[in-house]
> 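The structure follows.
As a basis for the values below, the full set of heavy atoms in this structure was taken, side chains included, without hydrogen atoms, waters or symmetry mates. Just so it is clear, the structure is predicted and the values come from calculations on it, not from any experiment. Sequence lines set the chain letters: A, B, ... in the order given, protein chains first and strands last, and positions in each chain run from 1.
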There are 2 protein chains.
Amino acid sequence: MTIEVPETHLPTPASPMGTKERLIAASLSLFQAKGYHGVSISDILDATALPKGSLYHHFPGGKEELAIAAVAFIADEVDAKLAAEFAKNKRAGAVLLELANECVIWLRRTDFTQTPLLGLLAASPGESALTQAVCDAQKRWLARFETALGGTEDAHDKACLALASLEGGISLARMARSSDLLIRSVTLAALHINQR
Amino acid sequence: MTIEVPETHLPTPASPMGTKERLIAASLSLFQAKGYHGVSISDILDATALPKGSLYHHFPGGKEELAIAAVAFIADEVDAKLAAEFAKNKRAGAVLLELANECVIWLRRTDFTQTPLLGLLAASPGESALTQAVCDAQKRWLARFETALGGTEDAHDKACLALASLEGGISLARMARSSDLLIRSVTLAALHINQR
DNA sequence: TCGGCTATAGACCATGCGGTCTAGGGCTGA
DNA sequence: TCAGCCCTAGACCGCATGGTCTATAGCCGA
């Protein structure tokens, strides 16, 4: 089974990826496609064509440590994207739409097999470090929207709606294999968020 | 819910369920807590205190057939709930809030370990019958909202936003262990949906 | 040239998995 | 009373899993 790693997961498109980065990128793709429990160590090794020794050398904590690194990677990537967009003084609704648009491209490119962001990773073992990592990522993204919206009580509400419509829309779109559902829900949410 | 289903779907000593129903109820709870791949056959057997023979007698198709039955069960339950609410001529926003409220109660009662509806079951194996079952359930719920909203193009958009804000809000709330996020996003969505 | 270190390589292990199979309990109608 | 049949019961199987361990390749400074 060969896995095509999306370009967005490449740390530096110019230079070849190190072993560690390859493991993170490949496992992220797999986790986004099948969820934490749905991916086996050998799936990851097959995808990277690396031996087991390399994986446990770079991630002595095994599967969970690797998953946490993958979550941190995507969390940073999206966070940076949000920071960059907001730095252009865009309105929150526009940023949301921009993010959703990238998700749509991603969904289509992977033929709806992969879930952008971390929806599927939420199915992690109960009170684990992995759950915590996912939680932290969502908090960071929420905070970006919240501060950009003014930091008021109302801003918090709108930030919640933004992320909820995104994650929920992705879930709907993936099931229906049609990005329409994501676009519709996010567009409506953006409309509401931009109202003051 | 209208039917006598305990909070965890597990049978109570007072209302004895048949073996098949017990298996469906227990597995649904487990799947909602840990996702399809996160639940093992022995988890289900432990939860029901039933032997393996019973499970494979009632569900010769094994784990997947059981999961499909569980999805059908919750799909029917929610669908009936929606039909009943809409029959009272409630506005779509009010129905959405009502549904969200039940989800909040559920989340709290299970200490945020269980995901209401079928968010976590989306992490099912690719092009399987289980995925299809989840997809069908979502389509049915979407259709309920859509027809209640008038069946127009705009109604479709709003129905998407309704379900997306629900599923997304549940995901947010579960991670943050606070039902606030769900309430906020759904309230805002309901507000928008009720506009004409 | 060599010693030491990092990273690769993959054989190996115990465990738990989903699933099969046979035996028997217990209710049914005759 | 007993035959027939659902259903329960759980031993058993082959296999994939996550993880460990030893060996060694390749590099870099001395």
Side-chain angles (χ1 to χ4, degrees), chain A residues 1 3 11 15-31 33-71 120-121 123-126 128-131 133, chain B residues 10-11 13 16-31 33-71 120-121 123-131 133:
Chain A
M1 176 184 186
I3 292 297
S15 63
M17 302 164 75
T19 303
K20 201 167 179 174
E21 286 73 29
R22 269 165 62 203
L23 282 167
I24 290 177
S27 67
L28 177 56
S29 293
L30 287 165
F31 288 138
K34 307 205 264 173
Y36 180 75
H37 293 293
V39 177
S40 72
I41 296 285
S42 38
D43 286 340
I44 298 167
L45 298 180
D46 287 353
T48 53
L50 283 170
K52 207 170 254 196
S54 297
L55 194 154
Y56 281 93
H57 172 76
H58 293 286
F59 301 96
K63 190 179 172 183
E64 189 175 18
E65 186 182 342
L66 179 51
I68 291 171
V71 168
L120 282 191
L121 274 161
S124 52
S128 64
L130 177 53
T131 307
Chain B
L10 284 172
M17 304 163 97
T19 302
K20 201 166 180 175
E21 287 72 29
R22 269 164 66 203
L23 282 167
I24 289 176
S27 67
L28 177 57
S29 294
L30 288 165
F31 287 137
K34 306 203 264 175
Y36 180 75
H37 293 292
V39 176
S40 73
I41 296 285
S42 39
D43 285 340
I44 297 167
L45 298 180
D46 286 353
T48 53
L50 283 170
K52 207 170 256 196
S54 298
L55 194 154
Y56 281 92
H57 173 77
H58 293 286
F59 302 95
K63 191 179 172 182
E64 188 175 18
E65 185 182 344
L66 179 51
I68 290 171
V71 168
L120 282 191
L121 274 161
S124 52
E127 248 341 290
S128 64
L130 177 52
T131 309

> Expressed as a whole number of angstroms, how long is the span from A:Ile41:CD1 to D:dG18:P?
5 Å
> Check the distance between D:dC5's P and B:His58's NE2 and give it to me in whole angstrom.
18 Å
> Could you tell me the separation between the CG atom of B:Leu55 and the P atom of D:dG10, rounded to a whole number of Å?
15 Å
> Let me spell it out: for each of A:Lys63 and B:Ala49, pick the nucleotide of DNA chain D with the closest heavy atom. Which residue's pick is nearer the 5' end?
B:Ala49
> From NZ of B:Lys20 over to C1' of D:dT8, roughly how many Å is that when rounded to an integer?
16 Å
> Between A:Thr131 and A:Tyr36, is any pair of side-chain heavy atoms under 4.5 Å apart?
no
> Within this structure, what is the CD-to-C1' distance between B:Glu64 and C:dG19, rounded to whole angstrom?
14 Å
> I need the NE2-P distance between B:His37 and D:dA16, as an integer number of Å.
16 Å
> Measure the CG-CG distance between A:Leu66 and A:Leu130 for me, rounded to the nearest 0.5 Å.
10.5 Å
> Do B:Asp43 and B:Lys34 come close enough that some side-chain heavy atom pair is under 4.5 Å?
yes
> Specify the separation, in whole Å, of atom CG of B:Leu45 and atom C1' of C:dC17.
12 Å
> Listed by chain and number, what are the salt bridge (charged side-chain N to carboxylate O under 4.0 Å, His left out) partners of B:Asp46, not counting sequence neighbours?
none
> By nearest atom, which of the nucleotides D:dG19, C:dG18, D:dA9 is closest to the B:Ser40 side chain?
C:dG18
> Taking only N and O in the side chain of B:Thr19, is any of them less than 4.0 Å away from OP1 or OP2 of D:dC7?
no
> Under the rule for side chain to side chain donor-acceptor pair (under 3.5 Å), what residues qualify as partners of A:Ser42, not counting sequence neighbours?
A:Ser40
> Any side-chain N or O of B:Ser54 below 4.0 angstrom from OP1/OP2 of D:dA9?
no
> Counting only side-chain heavy atoms from C-beta out, which of C:dA7, D:dG19, D:dC6 sits nearest to A:His57?
C:dA7
> A:Ser42 side chain N/O closer than 4.0 Å to the phosphate oxygens (OP1, OP2) of D:dA16?
no
> Do B:Phe59 and B:Lys20 have side-chain heavy atoms sitting under 4.5 Å apart?
yes
> Just by modelled atom types, is the A:Val39 backbone N or O under 3.5 Å from a matching donor or acceptor in the A:Lys63 side chain?
yes
> Any N/O pairs under 3.5 Å between the protein and nucleotides 20-25 of chain D? List them or say none.
none

> Whole-Å distance between D:dG18 P and A:Ile44 CD1?
8 Å
